[in-house]
Structure formats: structure tokens, C-alpha cells
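To keep things clear, I will list the structure first and then write my remarks on it.
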Amino acid sequence: MKRMIQINDLSFKYGNKEVLSNITMNLEAGKIYGLLGENGAGKTTLLKIIGGLQKPYHGKCTVCDEVPFQRTPSFLSRIYYLPEEIDYIQTDYSALQFADLNAPFYPKFDWDKFKKILAEFDLDADKKLRKLSHGQSKKAAISFAVAANVDLLLLDEPSNGLDIPSKTIFRKIMAEYCLETTCTLISTHQVRDLENLIDPIIILDNRAVLMNESLERISEKLCFSLESSVPSDVLYAEPTLGGYLCVSQNRNQRESRVNLEALFNATMQHKTAIHNLFKNA
Amino acid sequence: MNFNEHKPIYLQISDLICEKILNDEYREDERVPSIRDLGGMLGVNPNTVMRSFEYLKTIDVIYDKRGVGFFVSPGARKVVKSIYKQLFLDEELPLIIKKVKLLDIETDVLFEHIQKGLQTP
Amino acid sequence: MNNNTFQPDRFHRLIVRNLKSIRKYWVQSLLIFAGFPLLFFLINLSNMGIEINLHSRISFLNGLVTSLVIVSPFMLFFNYNHPKKGLTEVMLAASVLEKYLVMQLACLLFTPLAIIAIYGGMDSLLALLFPGIYSGHIIQQIMHNSLNLHQITTILLLQQAIFFFNLLFVRRKVVKTGGVFILAMIVTTAAIGITASLFESGSSSTEFNNFNFDFSERGLFTIYADDHPIVIIIQITRIFMQVIVPLALMTGSYFVMKNKRY
């Protein structure tokens, strides 16, 4: 799979506070990555660096061999960054007018796709964006981002602000309309909103990338099971309906479904143990 | 579709396709929805759907025609039936038997219920 | 030409986008700038005894164009560097040079042309229809009556200052820019005062009081060896304020755009 983003030993700080320290990771095209992390873990900062809005003070970040902060037209035409706060879209234009203004700068923009997605989101394409509710504007922003058909799609908490039915529609739209060649990076702390959509999973902590693995590999190494009592060698357990949801090392090669919340909690509690588990092939 | 908590998603999607083969919704030598269409219908990562299709290919339930799509294999219905039959006998039935033992259900009561159930269409 | 720095096709698209995006201003501008000649016409028409002649109309236009051209960066591109509201423009696939040039073109060229065209057009229309009440065509006179170099460089200086600070400051920009201007005026006045007192103490006060020099006759870059030191200082200051500072501001604006972090 083509390597899209290469990050090496990246560090970033706001003033004196170091938000990212020596982060290294590689991301490939054709995948929908879920970027998980606690609040303040540096998810938004990472997205901004990849998007060219911020510059690291140490280390390297390249996207398709270009340095994002240079903001060359060739780089910009291949990416779309959708921030959490969508003030930029709340203008006096309608969704269609917004696209009319900006689509010429995205060479692969697909108008049919755009209109279809707007329809699936049940959005009034002719209403002034400023007059739409926050959730509606967010949907309009998502519609444009997906229809732009970029090589790199960066979404920061896209499901935040969407009502429950819209979250489902969002997942379906992402699954159906994102190109096979696109690398999508979605940051979230509402893991349930993106369940079944994101794969691989990246777990970010300020000091390190704790995990960057496909669900297939995670389910090879870890076992997620419902037990009536907590076994002694378990990595993480939480009480749930019917017993305890346990995360343990997969010694018996059982194939279980990865529970993202439990995975996250387990990783945050046992950073080194889990890191070592995945380090070995 | 509501996915259950315990089985990997790609297997649950395979189950879904097999179910539709069994009830004749997907017929032999007919095209099944594309990976992207199915992903879009279910809200699931296309790579997961692909994994599911790969699995179904290995057990000869579907085959793919390059550039055209995936099709139900001839004889898929038989294959699916035998796989799920074995699955039922190896995994689901023991669970029922375990419960029967736990709750002390008498054998003839059990068989009476089974017979009545088999008779109703 | 390096594809990533300047591409005529992309530059053209950017201009088109820029014109489309200020669509809401078109109607407003049309009404306001065409409205003034109409207002003057009505004043002339009414028997109030006031007549607004050609000369006054041209002066008014001068004032209008001057003031609007100077503040045009604020009016047209206020949110361009806002980390949230200006995101679309920052991430638009064009080079910083192209974006910068379009902004400069809009402020330096499109704005004055649009104002003059609308105002002058309405003015000529009224003059054609009612020559008795409304005399002369501004458009004809404007060629003879254009601003001199000194006025143009002053406008450029002020406008480029606003252009620069519009990009540099993000929050409370009007207040901060105003503050900078006030500071600049204080510094300038102080500098003049200090320089004047320095010379006053050196030579006799009568010589200083009799100092009479017409700068409008003197070209900007002309300095003679036997010029009075004050003249030399003033010439250098003029060069600095009218050439170097605007150029520095223009260059600075570009680099602020290139390196801004969001």
C-alpha cells in the first residue's frame, strides 16, 4: 500500500508546553484511520501539522514527499482538512454556492457525489449556510469534504454535533463515497460513533504513538471476551451486563470482535505491555 | 443491521451474505452487491467487507470476476447449508444442551417441544 | 515558470473566485456610489440655492476613492487570516504569491476602478440627460485632474500599512492598527521636533525662521551637494516614507502570509 504520510520524531509545543514529543508513524493510502486519544493528547495538533497549518519545532512530517507547511498548491489540492469548529462554512452562501466558489480548486471534485451526499443528509442545498443549525452546517462541510475526492482527508471530530441518525448516515457515506485511493484520518473521542468504520486504529498519547494497528492484527494479539469473573492474567476488565468485559492476551488464537472503548482503556492503562505485545511480529 | 458484541464484524457480514443465499435473496451465479455498496449499506469500512468476501471466496461461497464484481458460486447454497449445519451442531447445540442440564429440563419435555416446533411451518 | 509558484490559469480562477465572493458588495457599491451623483443632482435640482459644480463633485470623488482604497484591505479581506473563519482561503489550492497578488490587485486596482466607473458613469448619465442642472463629465476631467505623485505615494503608504496589519493581527485588528498609527504619528512628531530643535540650537534663529524651501519643486531622489542639511534630511525622510516603507510593508505582507500559523 502506498505510503502517504511519514512522520519522524515529531515534536510540537504551544509556548512552553510540549504537546507532542518524538512522535513517529506512517500512514498509508486507501485506509480509514481512527485517531484516538484523551483530550489534550495532541490529536488536533497532529492533524494541523499534517494539514500544513502548524509547523513542528523538531522532527519531520511529509505528505507524499512534500512538506505540509510549505502549503504548495500541489499539496493543497490533494488534501482537505475539516476542523472541529466549522466557522469557515457559516457564510452567506448556500451549500451549492460554497461549492461553486471552491470546487474549482479541487481537481477531482465530483458534483454528482456532492448532490447525492447532500440529499442523503437531507440538507437544503439552497439555504444560506449561516442560517443552518450547527449540525446541518457540519453535514454540509462533510459533504463538500468527501465530494472533493482528495488523496488525504483529515477530519477532526466529524461526528461531534451530529444527531444520532446523522451519525449513522455519516458512517454510511464515508464507507460508500470515500475513494479507494484516499487516506482518511479521523480523530475522535466518541469511539462508538465511528465503530465499524475505522480500521486501522491509532492511539495517541502526548509522548508516543501507543498503537497503530489494523483490527485484524489487534484481534490476533488481543482477546475480548465476556467472563463471569475476572481472570488473573487479564490486561483490563470492566463490569458490564452479564459479567465482565475482559481484554487479555490472545493465547488461544480466539477470534473475537475488537471493542474499541475497552481497547482504548486497556492501552491507556498498560502502555508498555501493549506496546511490547505489538512490537513483536 | 445491529452487530453483536462478540463475533468479528467480517464474520458477521459473511453470515449475513450466507443467510441471504439460504433464503434465495442472492441466487447462484448472480452478482452480490459490490464491496463499496455493501459497506455503504451497513456503514462498515470497505476493507472489512473485503475481508469478508475473501473469506467467502476461500470457502467457495462466492467467486469474483475481475472488473465485474462478486458472484454467488454454483452450489453455494449446499456449501452454506453444510457449514452452518456443522456450526450449529458444534457450537450452538452444546450451548443449548448446557442450559438444558443447568435447568434440569427433562429429555421428553425437550423432545416434545422440538417436535411441536418442527411441525409448525 | 515554476508550476507551484505561479500558474496563469490558477491565478485567473482565483481572481474569478474573488470577484464572485464579494458579490454581496456589488449591489451595495452600485447603490452607494451611484447614489452620490444622484444626491448631488437632487440638491442642484432643489431650489436651495446650492449648486454642486463639477469641481466639487471631483473633489468628493477624490476623497471617496482615497479613503476607501486605504481601508480596502479591511473591507475586503478582514477574515483572511482568521484561524477559523479564514480557513477556506488558507487551504485553497493556490500559491501564496497568487493569493497575495489577487489581494493587492483587488485593493490597488479593482476598488478604485469600480468606484470611479460607477460614480463617473452615473455622473455622466445625469450630465447627458440634464446638462442644465448637472454640468460637465467627471470622466473627461479626471484625466487632467489626477493626483500628483506625492498624494499617490501617501495613499499607497497608508493602504499598505493597513494591508500589512490586516494580515499580521488576528484579534482586535482595527484597535491595534489604530494604535500603531497613533504611535507612528507620535514618533514622527517627536522626530520632527527633535530634529528642528537640534538645528535651531546650531544656527542662528533668524536663519532658521527664514528657512523657505519649496519641496514640490524638488524631485524625490534629487539631492545636491550644497543643499542645506535640513533639506537633505527631509529628502531622505521622503524617500524613506514614500518608497522604502511601502515596499517594506508589501514584502512583509507576503512573508506574513507565507509563514502564518493557524
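In what follows, chains carry the letters A, B, and so on, assigned in the order in which the sequence lines appear, proteins first and then strands, with residues in each chain numbered from 1.
- For chain C, the nearby parts of A:Lys55 are the backbone and the side chain; heavy atoms of each come within less than 4.5 Å.
- Each of C:His82, C:Lys20, C:Met91 has some count of heavy-atom pairs under 4.5 Å with chain A, and the biggest count is that of C:Met91.
- The side-chain hydrogen bond (donor to acceptor under 3.5 Å, both in side chains) test with A:His189 singles out one residue from A:Glu38, A:Glu157, A:Lys43, and that residue is A:Glu157.
- The contact between A:Ile79 and chain C is made entirely by side chain atoms (from C-beta outward), counting heavy-atom distances below 4.5 Å.
- Proximity to chain C (any heavy atom under 4.5 Å) is shown, for A:Asp100, by both the backbone and the side chain.
- Of the listed residues (A:Asp87, A:Thr91, A:Ile86), the one with the most heavy-atom contacts under 4.5 Å to chain C is A:Asp87.
- Taking the ring centre of A:Tyr177 as origin, the terminal cationic atom of A:Lys116 falls outside the region bounded by 6.0 Å and 45° from the ring axis.
- With A:Tyr57 as the aromatic partner, A:Lys13 meets the cation-pi criteria of under 6.0 angstrom to the ring centre and within 45 degrees of the ring axis.
- For A:Phe75, no part sits under 4.5 Å from any heavy atom of chain C, backbone or side chain.
- Neither the backbone nor the side chain of C:Asn79 comes within less than 4.5 Å of any heavy atom of chain A.
- Contact annotation for A:Tyr80: neither backbone nor side-chain heavy atoms come within less than 4.5 Å of a heavy atom of chain C.
- For the pair C:Arg261 and A:Phe69, the cation sits on the ring face: its NZ or CZ lies under 6.0 Å from the ring centre, inside 45° of the axis.
- At a threshold of 4.5 Å between non-hydrogen side-chain atoms, the residues C:Leu249 and C:Phe163 do not count as touching.
- Under the salt bridge (Lys or Arg N to Asp or Glu O under 4.0 Å) test applied with C:Glu89, the options C:Arg17, C:Lys99, C:Lys84 reduce to a single match, C:Arg17.
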